[in-house]
Amino acid sequence: MAFSALTEKYSGKMGTLTFGSGDQAITVGGQAAMPFCTFDGEIPNKPIVAMEVYDVVDPEWPAAVVDPFKDVINDPIAWAKKNIDEYGAKAICLQLASTDPNGENKSADYAAELVSKMIEAISVPLVVWGSGNVEKDAEVLSKICEVNEGKNLLIGPAVEENYKKIAAACLGYGHNVVSQSPIDVNMAKQMNILISNLGLPMDKIIMEPSTGALGYGVEYSYSVMERISLAALAQNDEKMQCPITNDLGKECWKAREVKLTEEEEPAFGPDLEKRGVLWEAITGFDMLLAGSNLLIMRNPKAVKLVEECIDELLA
Amino acid sequence: MGLTGIQIFKLLPKTNCKECGSPTCLAFAMALAGGKAELDKCPYVSDEAKATLSEASAPPIRGVVIGTGDKAKKVGEELVFYRHEKTFLNPTAIACLVTDAMDDAEVDAKIDNLNNVQFERVGLTLEADLLAVRCVSGDAGKFEALVKKALGATEKGLIIMADDFAALEAGAKAASGKGALLYAATADNCDQVAALAKETGASVVAKGASIEEVADFTGKIVSGGVKDIVIDAGARDIKSMFYNDNQIRRAALKAKNRDLGFPTIDLVCDMTDDPYKEAMLASLAIAKYGAIVVMSDIDKERMLPLFVQRLNIYTDPQRPMVMDEGIYEINKPGPDSPVIITTNFALTYFIVAAEIEASRVPTWLLIMDVEGMSVLTAWSAGKFVADAMAPFVVKSGIRDKINHNKIIIPGYVAQISGEFQEELGSDWEVVIGTREASDIPAFLKAL
Amino acid sequence: MSKLIITAAIRGAHAIVDRVEGKVNAAIQEYGADKEVNLPNTAYYLPVIYGITGYKVEKLGDMPGVIEKCRQLLPELPAENAWLPYLGPGLDAGMATAFAFELEESLLYLDPDKCPYLPSKEDPEDTDPDIWLGAADDIILRKRGVEFVDGSAPGFAAVVGAAKDVETAIKIAKELQEKSIYVFMASSNPNGVSFAEQLHEGGVQVGWNTRLVPFGKPTSAAIHALGFATRAALTFGGKTPGDFKEVLKYSKDRVFAFVLALDEVDDEKYAAAAGCINWGYPTIADTDIPEILPTGICTYEHVVSNIPQEEIVSKAIEVRGLKITIAKIDIPMSYGPAFEGERIKKDAMFVELGGPKSVGFEFAYSKPLDQVEDGKFTVVGPNIKDIEAGALLPIGIWIELAGRKLQEDFEPILERQCHHLLNGAEGVLHIGQRDIVWMRVSKKAVEAGFTLEHFGTILHAKLHNEFGAIVDKVQVTIFTDEEKVKEHLEVARKTWVERDNRLSDMNDETTETYYSCSLCQSFAPTHVCVVTPERPGLCGAYNWLDCRASHEINEHGPNQPIAKGDVVDERLGKWKGVDEFVAPASGNAFESFSAYSILVDPMTSCGCFEAIAACLFAANGVMVVDRDYAGETPCGMAFSTLAGSVGGGLQTPGFVGISKFYIGSKKFISAEGGIKRLCWMPKALKEQLKDMITARGEEEGVPNLYDMIATEENGTDEETVMAFLMEVGHPCLEMQQLMEMM
């Protein structure tokens, strides 16, 4: 039996989302095929990696994610610039860890001002990520929206408990929202419905299905994303046609596999950088293979590896 | 495949003779439907039924076993495109490449890595599977010596790789009866290689420049008496590798194309010299349908992420990974260290353990067997509840290791605290912990 | 009735348009047609006119065009003796009024020196000559509008006229403020007294920051409320100016607003009220004006009158369908899931309520909206202060509920919540339900100030917050007087019997809507439960009523209605609508489900089933095994093996996951002959279901069916079981061969 190529034609396609303003704006999503299956349908926009910068760095971070930024690690704006100028970042994700009430508990005003300065200072689109504290994120992120009206930022995460405040502010002040749900296809859909019911159009929503790193639930994220993608493409489920993002840097770099030294765990080997870079790069690649449109990553070398794979697979 | 248990049951004798090992024909039929039993076990099945069943149950992608004994590795037999549809069955085999151009020390070091780089996780040993021995010298004698050396140095299965037939023959004969995989049969020499494989009890890689080319001659190898075939459709870059693995699986599963119903091999060692890039290519093979991936070295730092990725992707989505029940020591706990109890769902364990580790607070972690459910699921299923937990805590022997009486339960099951306290009695004190694992470090530090 | 009101509104609208036309002409004469006109700092021109018609008024010369539109809208006054469906012309008159008012207000800004308002100010200051703010600019709109979108402001009240006195004004304002509702104020009563000025006089700070916004003293200033709503539709709803249907629909669905008309309503106010109905905003009046009760444009009634000022806020909330959430439960102890498992020992206990040594019950039922006073908590009998530590009291928790969407069928579901809701309070222990309630309150809680009314506080807050979709009002009475407890318990018992009968009286044939449950898709992606009145979910946790209530509470949740549609196969239980639903909901894994068959397209099984039914082909019957039975079964597979084979969202002919309760249903595998097939089950399960099985056996003409069903005591392999069945003459042996039915 001779071979003839089989292609999959889907009735639906993923929606798009554009963030950033003017010439710098980036569009993600819009694919009419499963990841990298260019032989099945159009993949008009390459997945993007946003490189993250923190406004406060946990002293427990391994050297592999401190050394590349050593000179700028206490200055998120300089760090962002370095990511862009030196490491070629196509987008920046500002992680507002300092606003966590269990940490430095910095104010919404501080965060809003930092975002304004960041927007001024950088030439690529900006993702703004809260600390993950439900109440505080509602306050901080909505303030950021208000102060930076019209800048078309991507802001999140909005979860079931706080989406109203955050998504309403995005709607009111012209931003996009990250809709985060707990590793469940139906919950992801429900969040999209809830947010779009507030009046935010679907092309202003990106899904974060809760990302697990290698060894920490990556397979759950992977399957949920494949199921979301299939629902969007094969079943043409409009409420699932928001692009997908994965906040994976922070998940990867807290894994014991990237932190333990050879003395602590001889089986893991001496080269912590190699281990860490690949932990992040392979997690990122897995997310891409499952349908991600926007990765949030930390280590420049890992970012480069992933971007190379994207470029070559979509060449 | 595709027959339900009842459809199979109809074809069975329905005598409940029990000779197959199942108590009833129905149970046997269900096991067959689930791929958990072999039809041969039934001594009374009619020929007609046998034909119908074997036709229906022959896997669309052939299963190929490489090597013999404990370390034999099976690849292929995959049934789905997406792991959530059922599960991926036979994890991608990772092979290490040695060549007869390497000096002894290099070969030894690589084989040593292949044999010894391994990690323990969820009660499993994660390790690489195969040794690929390649002839680059063109010297059959030299190659034969390397194969012999390899046979003595590792128990893992071999891939015998030589372009020159004489060298391949020498290598194959040296490894005769060892279930080696011969690389490769091409359109030109497939009859010859098939005969060699048959003679030496080996399986064969069918290699071509394209899927079309390979599809043309796998049938000849089968006619030559060798059914165990692996495909190399010539991809030497990431894009064609992705395309080939994808299309070959589609041909097998969707078009039921028997000529392509075989597992595939990806020679990522030939696609790049960069060890990082090679690892990325291997990770693509693991996720997207490569059955064997040949790498230049089995080093710890690359294998840790790749093995864990492979474990995760190939985990049965309906059967969660579980930890063994017992006491886990984290950060070297002592008599005054706190005790935390949670369930044996591996993900719960890993996340909780990582957070405790990050806190640097020495802690006893009690892991209770609840069939791999997460805390809330186990609670609602009545497994992670006071009257089951109390006897477990008592018999675990944790009390002998500590000089206090506090036990910390997950915040999500705070509602059982009272009953748990009652069940444990007054010589224990139940403390309610955090709901989210990420809050554990702060909680432990504040104790 | 509404003829009067519409006639008045049309009359008022004519007068307003005439007047404004005069003013416009005068202004053109004075300033010239090219004189620019606008409201302060807005990109939406005159927003009501722009939003509804798409017409941009940029200069005075654009105004006559608007007047022209008003004239086109204005209906003739209805003849005295004619009866017409009046709402339509009334609405048009209202719209004409809105346009005219907006022109009139914009004229006030022509000369900055004469402008009576404080443009672009959020709050009037003491140094300002007056309190009136006029139209909101776009910055205020955006900032405040976000609160309407995210729900932190549930809506606004446009207050026209004046309260009967300053105190009442303050009380009404406070009541609205407490519910986070914005108060937009305009107009005055015939004596020239305005609500905003009353507040100001009473020392209440007005302005956007206190959410008490004084727009302006003329009735025309009320247009700024509609201007706010219209701009919200354009800004937040992304609606196109001129797409009036969409703009008005957005206003109705998203901006929860209503008009409070205090004191006398004249023609002009009638006209304004008619305008508001276009936006979906009802008018609630304290005077005896004609009502427009039938619903149509507004969510519920359009004009409700004669409501005392003391009650007007709660009535308005009810009429507009506004949902209230309670941010903090006002009790002296902590509240949260961490306290749910708390036990209270005898020595820590202050009082024991109900339980084995006394009487205890809880009961929730629904009443008409006007018969429930929201937030009223009463204790009948001894309270905490009347007893000593260690006391024992009987208790009856009597919960009266009302809600527009509350149905009788939801009563038991809400009643069942008591356990979970009351247990969340620190120092409160609650066990049981219905008439076996047993509670304890700790000494610590009493020291902190707990009294029995606080049970009401908790239930009120939590029922509003968690079940706000169906509950609008909660009133709680706590009985501790023994006579009263017993007396009310009798009433409750009667209702319980009725409730139990209600579901068992329902059947699949007469029910058009079934419900799906896809809760388990997180681990079994292709699994869909189809829940019918006679086939509860296989987990036993969700029956048809539960699913329906769950859908009402969370319309985008895992329980979706399925219109069953035409019957495809009555015996198997296949319907067109169900099949059409199942295919996409299962990710196209399955095309058809049979509700009543174990052999042909049986429903999928997730993994949560209480029990599994399996065919025993030799015996020609069906066995059932539940989760608690770990031993061998005649089909050759123990529960765990069976669960592994049939779970995970697969259709497995010959096997089906079920709830225990389903065994007693008339539709239990009725396609294969029903309960008469049941020939083996674990002893413990059989005993648990004895009454149900006996009753069903009698209905099927096999009164001793219970004794014919084998258990593990009779055998766990098919041959032994067969022997037993033949001995007792089990009906399944005589039925059609199962093998032939596939």
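Letters A, B, ... are given to chains in the order of the sequence lines, protein chains preceding strands, and every chain is numbered from 1.
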- prompt: Do other residues, nucleotides or ligands put more than 12 heavy atoms under 6.0 Å from B:Lys277 NZ?
  reply: yes
- line: The interface call for A:Leu288 against chain B, heavy-atom contacts under 4.5 Å, is neither
field: Residue B:Gln309 versus chain A: region with a heavy atom under 4.5 Å
entry: both
query: For chain A, which of B:Leu260, B:Leu284, B:Val122, B:Ile248 has the most heavy-atom pairs under 4.5 Å?
result: B:Leu284
field: Per-residue contact mode, B:Tyr314 against chain A (heavy atom under 4.5 angstrom)
entry: neither
query: Relative to chain A, which segment of B:Tyr82 carries a heavy atom at a distance below 4.5 Å: side chain, backbone, both, or neither?
result: both
field: Whether A:Asp100 side chain and A:Ser131 backbone form a donor-acceptor pair below 3.5 Å
entry: no
message: Looking only at heavy atoms and a cut-off of under 4.5 Å, which of B:Arg121, B:Glu212, B:Glu355, B:Met280 has the most pairs with chain A?
response: B:Met280
- prompt: Given that the side chain runs from C-beta out, which part of B:Leu347 has a heavy atom under 4.5 Å from chain A: side chain, backbone, both or neither?
  reply: side chain
query: Which distance, rounded to the nearest 0.5 Å, do you find between the CG of A:Leu305 and the CZ of A:Phe285?
result: 10.0 Å
- prompt: Does NZ in B:Lys239 sit with more than 12 non-hydrogen atoms of other residues, nucleotides or ligands closer than 6.0 Å?
  reply: yes
task: Could you tell me which of B:Lys254, B:Arg258, B:Met303, B:Met241 has the largest number of non-hydrogen atom pairs under 4.5 Å with chain A?
output: B:Lys254
message: Does any backbone or side-chain atom of A:Phe39 lie under 4.5 Å from a heavy atom of chain B? Answer side chain, backbone, both or neither.
response: side chain
- request: Please determine if B:Glu278 and A:Lys274 form a salt bridge, counting it only when a charged side-chain N lies under 4.0 Å from a carboxylate O.
  value: no
- prompt: Relative to chain A, which of B:Met321, B:Arg360, B:Glu85 shows the most heavy atom pairs under 4.5 Å?
  reply: B:Arg360
task: Select one option (side chain, backbone, both, neither) describing which atoms of B:Asp439 are under 4.5 Å from chain A's heavy atoms.
output: side chain
field: B:Lys332 NZ: over 12 foreign heavy atoms closer than 6.0 Å
entry: no
- prompt: B:Ala442 versus chain A, heavy atoms under 4.5 Å apart: side chain, backbone, both or neither?
  reply: neither
statement: Cut-off 4.5 Å, heavy atoms of chain A, and the answer for B:Asn246 is side chain
task: Identify which part of B:Ile351 has an atom lying under 4.5 Å from any heavy atom of chain A, answering side chain, backbone, both or neither.
output: both
- prompt: Could B:Arg249 and B:Phe88 be counted as a cation-pi pair, given that NZ or CZ must be under 6.0 Å from the ring centre and within 45° of the axis?
  reply: yes
- prompt: Above 12 or not: heavy atoms from other molecules or residues under 6.0 Å from CZ of B:Arg236?
  reply: yes
- line: In terms of heavy-atom pairs under 4.5 Å with chain A, the winner among B:Thr218, B:Asp259, B:Asp216, B:Thr315 is B:Asp259
- request: Determine whether more than 12 heavy atoms belonging to other residues, nucleotides or ligands lie under 6.0 Å from atom NZ of B:Lys110.
  value: yes
query: Quick one: what part of B:Tyr276 sits under 4.5 Å from any heavy atom of chain A, side chain, backbone, both or neither?
result: both
Toward chain B, the part of A:Glu262 with a non-hydrogen atom under 4.5 Å: side chain
